[in-house]
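Just follow the structure's listing: the first ligand is 1, and inside any ligand the first atom is 1. Throughout, residue positions are numbered sequentially from 1 according to the sequence presented.
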Amino acid sequence: MSTSTPSASAPLVGVLALQGDVREHARALEAAGARAVPVRRPSELRAVDALVLPGGESTVIDKLARTFELHELVTERIAGGMPAYGSCAGLIMLADRLVDGIPGQRTFGGLDVLVRRNAFGRQVESFEEDLAVAGVDGGPVRAAFIRAPWVEEVGDGVEVLATTSAGGAGGGRVVAVRSGHLLATSFHPEITGDHRVHALFVSMITG
Ligand code: GLN
């Protein structure tokens, strides 16, 4: 993992900058060797090699994506093979199927999973856990969950990378998945200063 300034040949990764923790993702991407740019316009989206969908509030991101005329283009680029990583609200935005959304809420889709919005929120608003994440070497990842969704069903070709270990209704839940060019986590690795999940994503772009 590089912590120096990314070179001009490093992949250009957009961070969807409609709402949510954009700056934290940009920092983590740069620490992982990518170049990061905010994406608010269709022209900016067309220019990037890959896209991060940040945590925040999926209902707001959905509304603003439609207002900024980004919804269809994001959907198209994901369907066309652009690598994308979604954390928390970003996981919701990547899901093909959503439960407990608000009426009319749409996602970009692409990831063959069923996601339950605010799933952990019924027991606890937020919590942290050390998680073993497949594909991330060097010990567990400190995972911060904030009104987080979980993945309730995974389709063929979706690899489960991590599940929660706590007991009770929140234990044994799928919280990190990968499917081809798409990566998603229920938690927020961008806020802990550990950039290994972003490094995994950058390695998916550079292949
Ligand atoms: N509950 C939020 C949503 O529905 C997600 C929370 C988060 O991204 N931290 O979008």
Report task. Name all residues meeting the salt bridge (charged side-chain N to carboxylate O under 4.0 Å, His left out) criterion together with E153; count only those two or more places apart in sequence or in a different chain, and write none if there are none. Result ->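 Counting only residues at least two positions away or on another chain, E153 forms no salt bridge (charged side-chain N to carboxylate O under 4.0 Å, His left out).
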
Query raised in the report: Listed by chain and number, what are the salt bridge (charged side-chain N to carboxylate O under 4.0 Å, His left out) partners of E44, not counting sequence neighbours?
Result: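 Per chain and number, E44 pairs via salt bridge (charged side-chain N to carboxylate O under 4.0 Å, His left out) with R41.
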
Report task. Sort out the contact shell of ligand 1: every protein residue with a heavy-atom distance below 4.0 Å, listed by chain and number. Result ->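 Answer by chain and number: G55, G56, E57, S58, C88, A89, I92, R117, N118, I146, R147, H188.
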
Query raised in the report: Do the two ring centres, one from F145 and one from H188, sit under 6.0 Å apart?
Result: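 Judged by ring-centre distance (under 6.0 Å), F145 and H188 do not meet the cut-off.
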
Query - Set of side-chain contact (heavy atoms from CB on, under 4.5 Å) partners for I78, sequence neighbours left out - result: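 Expected list: V74, M82, A84, L94, F108, H181, L182.
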
Query raised in the report: Distance-only, no hydrogens or angles: does the R173 side chain make a donor-acceptor pair with backbone N or O of P149 under 3.5 Å?
Result: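 Looks like no, no N/O pair under 3.5 Å.
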
Requested in this report: For E159 and S179, test the side chains for any donor-to-acceptor distance below 3.5 angstrom and give the result as yes or no.
Outcome: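 Absent: no donor and acceptor within the cut-off.
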
